[in-house]
Structures are given as C-alpha cells and as structure tokens.
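Here's the structure we're looking at; comments come further down.
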Amino acid sequence: MLVFSVLTSTAAASPDIHLNDRTLGASAKTDRNHRVSPGVTKFGDTPAPPASTDHTKDRSATISPVKVKSDKPKKGIRVKTEVCNDMSLTQCSSARAGCITEAGNPDYYDAPTITWISVNNGGWRYSGLSCGTPDSVALPGQPKKGGGGAGEPVTVRVQAPPTPSFGQIQQAFRELPFSKPSPSIEPVGLRTLKNLPTYYAVTWPDDDGLQPGEVSKKVQLLSWTVEFKVAAQDYRYNYGDGSTSRWTSSTGGAYPDGDITHTYEHADMVDVSVDARLTGQYRVNGGEWRDIATTADLQDEPSSTLEVLGTKTRLVHH
C-alpha cells in the first residue's frame with residue numbers, strides 16, 4: 001500500500017503559460033448541472049504546460065492511498081492549478097458562466113481552475129478544468145505486465161489548498177499601504193482672520209500610497225489572489241482650536257462653494273488636519289468585485305499650521 005506524496009501550488013498564470021482558445025478547446029464542457037467536472041473534464045487539445053513549480057509556495061495535500069503495481073511506483077505527484085481568469089478566452093468565459101450557474105450567485109462562486117499533474121518529476125500533463133480546485137486528479141495508467149500498453153487511469157482524491165476567511169481578506173485590506181490626506185485651506189498662505197469663515201478641502205498626496213479610486217496590486221492570501229479597490233467612506237476635519245466637524249462624506253471645497261467651513265473666535269496658531277476612513281471592494285482571482293464591508297481608519301494624518309490673525313478697530317474722525 002502506497003501513500004502518494006502530493007505537492008500542490010496555486011498561482012496566477014506565469015509568462016511561460018500561453019493559454020488561448022485553440023489550446024483550451026472550442027467551448028467549456030459541463031455536465032447537466034452546469035458543473036465543469038473536477039479533475040476529469042478533457043478538451044480537444046492539451047494546453048501548454050505550466051512553468052516549473054516554485055517549491056517555496058508548494059502546499060502539502062492529502063490524498064487517498066492507492067495500491068499501484070509498477071517497477072517505478074508513482075511516489076512523487078505534483079499538482080499545479082491556475083485560475084482561468086482571462087475572460088477574452090471563450091473557454092474561460094464559458095466555464096465561468098457554468099460555475100456561476102452551479103453556485104447560484106454571481107458574487108460567490110468557485111472560479112474556473114485549470115489543473116496540471118506531474119509524476120516522479122516528469123513533465124506537466126493537463127488534467128482538466130473545474131469550478132475551484134478539483135476534488136480529484138486522474139493519473140496516467142500503470143504499464144501492464146508483459147507489455148501491452150498502459151492500464152486504466154488511476155484517480156486520486158486531492159485536498160483543496162487552504163483559502164482565506166472573509167475576516168482575513170478584510171484584515172489584508174486594512175493593512176494596505178494607504179496615502180494620508182492633508183487639508184487645503186482658504187484663505188491661501190496658511191493665514192486667516194478671526195470671525196472670518198475659513199474653507200477646507202481634502203487633498204491627497206502624489207505618492208505611492210493607495211487612495212480613493214485606485215486599485216491595489218495583487219495580494220496573495222493562501223491560495224487566492226486578491227485585489228482591492230479603494231473608496232472614501234468619510235472624513236472629519238480637525239480645526240485645531242479644540243473643535244471638529246462631524247464625520248462627513250464631503251471632501252470640502254474652495255470659496256465660495258465649499259461646504260466645510262469654520263470661524264475662529266481668537267487669534268492663535270492652530271494645527272489643522274483631516275481624519276479619513278476608507279472602505280472599498282475586493283475581488284478574488286480576477287472575479288467579480290464585492291463589498292469589503294470593513295473600514296480602514298487612517299492614523300497620524302499630517303497637519304498644517306494655520307495662523308489666525310486678530311482684527312483691530314480704531315476711531316476715525318471725519
């Protein structure tokens with residue numbers, strides 16, 4: 001009785017993999033339940049093999065013990081998967097439609113996944129296309145005694161690689177390298193007068209940090225590749241004299257149309273800043289965007305020192 005040693009690796013397609021409709025076949029094949037059969041669905045042609053497995057990212061998988069009789073036992077089995085997320089390919093788009101139908105929810109479904117296997121460090125062989133990581137893989141048949149070709153293929157169960165929880169995805173969003181906004185103030189020159197309305201607006205810096213409207217680089221979370229789209233939730237303006245605005249979605253504006261204003265009662269030097277809370281969306285393996293349903297409360301936003309000048313009155317004889 002042999003227990004196969006299986007290594008699985010899930011990663012985005014590398015430059016060495018060139019998928020197209022010719023190599024993947026004319027259209028996705030699904031069963032009557034619109035499911036792409038895990039691990040065993042075949043197409044007319046075999047796609048190009050994947051790049052060599054990066055063993056630093058391999059994950060152990062448990063499969064059922066299978067009795068194999070051969071002069072060269074299949075002890076080293078590697079499984080590599082990649083999400084079929086190029087929707088310009090008929091095969092990928094058709095398979096995704098089948099996976100969505102199977103799940104019954106276009107926002108929550110297992111992405112179409114291509115599976116490859118390698119036996120005893122041999123070349124990569126195309127195994128099939130499935131909704132999510134396949135439940136099983138089909139191995140080449142064992143040589144028959146005395147010749148006569150290979151025997152029946154051997155199908156083994158594969159434990160799916162670990163996937164992140166929704167909480168882990170939310171935590172990854174909160175830990176993104178965000179930019180931090182600062183206030184733009186009018187009158188210009190960081191000088192204003194007491195008893196005169198001062199106008200404020202949010203200004204985002206031109207740096208490498210993420211800010212509203214931008215999409216993050218791909219983040220690898222266990223076996224999933226996740227992207228985040230950033231959006232502003234709300235802002236709070238700190239006027240520096242002990243008072244603040246309420247949390248608001250307004251980004252303020254310049255005189256005379258800006259809706260974030262404050263009037264200082266005393267001459268002073270005050271530090272003005274803007275607190276920001278961000279939210280957004282995420283998507284897994286190039287799928288549909290979904291609400292992240294959490295907030296990144298930015299800390300230590302920069303401040304600007306504003307000089308509040310007093311006014312003097314004097315009697316004038318006419």
Side-chain angles (χ1 to χ4, degrees), residues 167 169-219 226-283 289-318:
I169 295 175
Q170 291 176 315
Q171 181 65 28
F173 173 79
R174 292 191 292 267
E175 293 176 353
L176 289 173
F178 296 111
S179 293
K180 296 180 180 181
S182 59
S184 174
I185 305 171
E186 285 195 10
V188 298
L190 294 177
R191 304 179 77 186
T192 190
L193 294 174
K194 72 175 186 178
N195 300 323
L196 174 74
T198 301
Y199 289 73
Y200 309 86
V202 173
T203 300
W204 290 90
D206 183 13
D207 60 14
D208 294 331
L210 290 168
Q211 51 191 264
E214 296 183 343
V215 176
S216 73
K217 295 180 180 179
K218 294 179 179 179
V219 178
V226 183
E227 296 170 275
F228 299 97
K229 183 186 297 184
V230 182
Q233 176 172 296
D234 49 16
Y235 302 98
R236 182 176 62 189
Y237 299 80
N238 303 301
Y239 302 124
D241 61 351
S243 60
T244 68
S245 71
R246 295 181 177 181
W247 285 102
T248 174
S249 60
S250 173
T251 57
Y255 171 85
D257 299 322
D259 58 348
I260 303 297
T261 65
H262 180 67
T263 301
Y264 294 95
E265 298 179 356
H266 307 285
D268 202 353
M269 300 291 290
V270 295
D271 292 327
V272 182
S273 62
V274 179
D275 296 330
R277 297 191 297 200
L278 303 179
T279 186
Q281 296 178 305
Y282 75 100
R283 67 179 178 183
W289 288 104
R290 310 171 186 174
D291 289 337
I292 191 65
T294 191
T295 300
D297 190 351
L298 304 187
Q299 302 295 316
D300 302 320
E301 290 90 336
S303 62
S304 299
T305 300
L306 175 67
E307 182 179 8
V308 182
L309 302 174
T311 56
K312 294 182 179 179
T313 60
R314 62 178 180 176
L315 294 176
V316 178
H317 295 282
H318 294 282

For Leu298 against Ser179, the heavy-atom pair lying closest together | CD1-O, 3.3 Å
Residues, nucleotides or ligands: over 12 heavy atoms within 6.0 Å of Arg191 CZ = no
Answer yes or no: is there a side-chain heavy-atom contact under 4.5 Å between Pro183 and Tyr237?
-> no
Determine whether Ser303 and Asn238 make a side-chain contact, defined as any pair of heavy atoms from C-beta on separated by less than 4.5 Å.
-> no
How long is the span from the OG atom in Ser273 to the CG atom in Asp300, to the nearest 0.5 Å?
-> 10.0 Å
Is a donor on one side and an acceptor on the other found under 3.5 Å between the side chain of Glu214 and the backbone of Val230?
-> no
How are the rings of Tyr264 and His262 set to each other: parallel, tilted or perpendicular (split at 30° and 60°)?
-> perpendicular
Is there a side-chain contact between Glu227 and Trp289 (heavy atoms, below 4.5 Å)?
-> yes
Looking at Glu301 and Lys180, does any basic side-chain N land under 4.0 Å from a carboxylate oxygen?
-> no
Could you pull out the closest heavy-atom pair between Pro302 and Ser182, with the gap in Å?
-> CG-CB, 3.9 Å
What distance separates Leu278 CG from Asp234 CG, expressed to the nearest 0.5 Å?
-> 9.0 Å
Over all heavy atoms of both residues, which pair between Thr294 and Thr279 is shortest? Give the atoms and the distance, please.
-> O-OG1, 3.0 Å
Would you say the side chain of Asp257 lies within less than 4.5 Å of the side chain of Tyr199, judging by non-hydrogen atoms?
-> no
Report the distance from atom CD of Glu265 to atom NZ of Lys194, rounding to the nearest 0.5 Å.
-> 9.5 Å
Please examine the side chains of Ile185 and Thr192, heavy atoms only from C-beta on, and report whether any two atoms are closer than 4.5 Å.
-> no
Measuring from Phe178:CZ to Ser216:OG, what's the distance to the nearest 0.5 Å?
-> 8.5 Å
Does the side chain of Phe173 reach to within under 4.5 Å of the side chain of Val226, using non-hydrogen atoms?
-> no
Candidates Val215, Leu210, Ile169 - the one meeting side-chain contact (heavy atoms from CB on, under 4.5 Å) with Phe228 | Ile169
Count the heavy atoms of every other residue, nucleotide or ligand shown that sit under 6.0 Å from CG of Asp207, and state whether that count exceeds 12.
-> yes
How many angstroms lie between atom CG of Leu193 and atom OG1 of Thr263, to the nearest 0.5 angstrom?
-> 11.0 Å
For the residue pair Pro205 and Gln211, what are the closest heavy atoms and their distance?
-> O-NE2, 3.0 Å
Yes or no on side-chain hydrogen bond (donor to acceptor under 3.5 Å, both in side chains) for Thr295 and Asp297, after CA distance, side-chain angles and deciding distance?
-> CA-CA 6 Å; Thr295 300; Asp297 190 351; over 6 Å; no
Is it true that a side-chain atom of Asp241 and a backbone atom of Ser243 form a donor plus acceptor pair closer than 3.5 Å?
-> yes
Side chains of Ile292 and Gln281 in contact at under 4.5 Å (non-hydrogen atoms) = no
Side-chain heavy-atom pair Thr248, Ile260 within 4.5 angstrom cut-off = yes
Correct closest heavy-atom pair for Tyr239 and Ser245 would be OH-CB, 3.4 Å
Atom pair CG/OG1 of Asp271 and Thr305 - distance to nearest 0.5 Å = 4.0 Å
